[in-house]
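This report concerns only the one structure given below.
As a basis for the values below, the full set of heavy atoms in this structure was taken, side chains included, without hydrogen atoms, waters or symmetry mates. First the proteins, then the strands, lettered A, B, ... as listed; each starts at 1. Every value quoted in this text rests on a predicted model; they were computed, and no experiment measured them.
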Number of protein chains: 2
Amino acid sequence: METTSIQDYLKTIFDLTRDGETASTTALATRLGIAPASVTGMVQKLAAAEPPLVHYRKHQGVTLTAGGEQAALRVIRRHRLLETYLVTTLGYAWDNVHEEACRLEHVISEEFEAKIAAALGNPERDPHGDPIPDADLRLPTDPSTPLSALRPGQGATVLMVRSDDPAFLRHVEEIGLLPGVELHIKNYSHFDQNLEVEIDSQPARVIGLAISCRIFVSVH
Amino acid sequence: METTSIQDYLKTIFDLTRDGETASTTALATRLGIAPASVTGMVQKLAAAEPPLVHYRKHQGVTLTAGGEQAALRVIRRHRLLETYLVTTLGYAWDNVHEEACRLEHVISEEFEAKIAAALGNPERDPHGDPIPDADLRLPTDPSTPLSALRPGQGATVLMVRSDDPAFLRHVEEIGLLPGVELHIKNYSHFDQNLEVEIDSQPARVIGLAISCRIFVSVH
DNA sequence: AAATAAATTTAGGTGTGACTAAATATTACT
DNA sequence: AGTAATATTTAGTCACACCTAAATTTATTT
């Protein structure tokens with residue numbers, strides 16, 4: 001049975017292995033807010049499941065099997081559709097939808113998923129700009145660059161903001177770095193890795209690495 | 001902590017004690033699809049909770065405390081708002097919403113509850129005609145009569161259909177006994193307890209007790 | 001290369017909410 | 001009233017998903 005807990009593991013493993021690396025026990029434990037020993041136990045269970053949901057060798061971290069990835073993508077699709085629905089249709093604030101979506105994603109039916117997808121016109125991105133897997137769980141690979149990689153003279157469009165923290169999201173909103181917004185890099189200090197960024201033709205602002213590494217853009 | 005399981009017990013006890021009786025272990029076990037021994041265990045836990053959620057004396061069944069009733073009404077409000085939302089806004093069929101609402105009712109936030117209530121204009125009844133507790137959890141007491149209690153010559157308006165079974169609900173819909181519909185009793189056979197009912201000025205139909213005891217009406 | 005530090009796993013334990021089987025209390029029947 | 005039937009409870013187990021503490025493996029220093 002694919003429990004809420006299992007779905008949370010799969011979703012997190014998907015996220016941690018996006019870069020091609022394996023997901024370590026500690027990284028999973030931190031992200032899930034669970035003791036490392038508990039993660040080992042669950043990971044062994046996922047690897048022993050029939051069909052197996054993860055590849056696992058002791059001390060080597062885990063990756064998703066094809067089946068595990070499908071299951072993860074299903075949950076991710078639901079999560080992102082829910083976030084979109086909450087903002088677009090129910091009038092939630094964008095900084096506030098993550099928690100609600102995290103609870104709903106485990107209980108909605110296939111019908112519910114289809115109904116909200118249709119109501120939204122099969123959106124391709126959620127309010128934070130994350131791509132939404134389509135009904136066949138295909139996830140568009142988009143060539144996005146972290147804002148932190150840009151240098152003076154470059155222009156770009158904000159694609160997504162990678163954070164679930166309401167306070168962080170509110171701050172980003174206040175700065176105006178929302179998906180779709182145009183920006184230009186005015187200056188860069190390689191000592192403190194601050195960027196001076198002109199956002200939406202407003203006066204330039206200084207953006208620290210803690211923010212710029214969580215904003216993904218498409219370079220012009 | 002008020003778990004999903006506890007909320008299901010409270011909701012069911014509320015339902016079984018609506019007539020002023022106590023809820024028996026067996027009745028709860030049947031309704032919840034759980035072994036009677038398991039019900040005893042849970043009921044003792046609910047009675048020992050601080051504050052207690054049920055009144056319980058061995059072999060005497062249970063009733064809700066004031067606290068238990070509040071908790072039950074909160075879940076019932078969410079359930080009925082959800083059913084209404086699924087039908088009205090997402091286009092679900094009315095026979096199909098119970099199961100989905102049963103899963104969602106345990107995970108939605110206060111904000112979600114408020115948002116859908118507002119979107120629906122604070123409805124007073126769900127698609128089956130059940131009254132929805134208001135935001136302060138007050139449940140209007142409506143003087144409804146089972147259709148089975150009517151006799152020839154009486155006219156009435158359908159108030160609600162008490163069933164969660166999709167097949168039953170589809171049948172009731174086909175007959176046309178939906179909330180709001182007008183009916184007149186043409187005949188009664190007290191051997192088989194069948195009623196001949198003219199529904200919405202259509203040719204009269206024979207309705208058995210299995211159906212008529214689940215339809216509640218307001219008599220003219 | 002050995003010693004230390006960090007990450008991971010094993011071992012053993014907990015609470016929740018179910019289960020079955022057996023014991024006991026209540027109710028119904030003759 | 002006494003017995004049989006039914007309802008309820010007790011006793012003992014189980015799976016799940018977590019925990020802590022201790023042992024082990026891997027990685028990093030010196």
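- Whole-Å rounding puts the Gln44(B) CD to dT16(C) C1' distance at 15 Å.
- Within the structure, salt bridge (Lys or Arg N to Asp or Glu O under 4.0 Å) contacts touching residues 34-56 of chain A (residues at least two apart or in different chains) do not occur.
- Under the rule for a side chain to side chain donor-acceptor pair (under 3.5 Å), the partners of Tyr85(B) that lie at least two apart in sequence or sit in another chain are Tyr85(A).
- The interatomic distance linking Arg57(B) (CZ) with dT26(C) (C1') rounds to 13 Å, in whole Å.
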N/O contacts under 3.5 Å, protein versus nucleotides 1-6 of chain D?
none

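- Counting non-hydrogen atoms under 4.0 angstrom, Thr25(A) reaches the backbone sugars and phosphates but no base.
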Contact list (N/O, under 3.5 angstrom) for nucleotides 14-20 of chain D vs protein:
residue	atom	partner	partner atom	Å
dA17(D)	OP1	Thr3(A)	OG1	2.6
dA17(D)	OP2	Lys45(A)	NZ	2.2
dC18(D)	OP1	Ser5(A)	OG	3.2
dC18(D)	OP2	Ser5(A)	OG	3.3
dC18(D)	OP2	Tyr9(A)	OH	3.4
dC19(D)	OP1	Ala35(A)	N	3.4
dC19(D)	OP2	Ala35(A)	N	2.8
dC19(D)	OP2	Ser38(A)	OG	2.6

Filtered N/O pairs between nucleotides 22-26 of chain D and protein, under 3.5 Å:
none

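- Legend: residues meeting side chain to side chain donor-acceptor pair (under 3.5 Å) with Ser109(B), ordered by chain and number and at least two apart, are Glu100(A).
- Scanning for side chain to side chain contact (heavy atoms under 4.5 Å, CB included) contacts around Ser189(A) gives Phe191(A), Asp192(A), with sequence neighbours left out.
- Applying the salt bridge (Lys or Arg N to Asp or Glu O under 4.0 Å) rule to pairs touching residues 14-43 of chain B yields Asp15(B)-Arg18(B), Asp15(B)-Arg31(B), sequence neighbours excluded.
- Glu111(A) is linked by a salt bridge (Lys or Arg N to Asp or Glu O under 4.0 Å) to Lys115(A), counting only residues two or more places apart in sequence or in another chain.
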Would you mind writing out the side-chain donor-acceptor pairs for residues 66-82 of chain B within the sub-3.5 Å range, not counting sequence neighbours?
residue	atom	partner	partner atom	Å
Arg74(B)	NE	Glu113(B)	OE1	3.3
Arg74(B)	NH2	Glu113(B)	OE1	3.3
Arg74(B)	NH2	Glu113(B)	OE2	2.8
Arg77(B)	NE	Glu113(B)	OE2	2.8
Arg77(B)	NH1	Pro133(B)	O	2.9
Arg78(B)	NE	Glu113(B)	OE1	2.7
Arg78(B)	NH1	Ile108(B)	O	3.1
Arg78(B)	NH2	Glu113(B)	OE1	3.1
His79(B)	ND1	Glu105(B)	OE1	2.7
His79(B)	NE2	Glu83(B)	OE2	2.8
His79(B)	NE2	His98(B)	ND1	3.2
Arg80(B)	NH1	Pro131(B)	O	2.7

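- Thr65(A) contributes a side-chain N or O that, together with a main-chain N or O of Leu53(A), makes up a donor-acceptor pair within less than 3.5 Å.
- Considering only residues two or more places apart in sequence or on other chains, Glu2(A) meets the side chain to side chain donor-acceptor pair (under 3.5 Å) condition with Gln7(A).
- Listed by first and then second residue, the salt bridge (Lys or Arg N to Asp or Glu O under 4.0 Å) pairs that reach into residues 165-175 of chain B are Asp95(B)-Arg170(B), sequence neighbours excluded.
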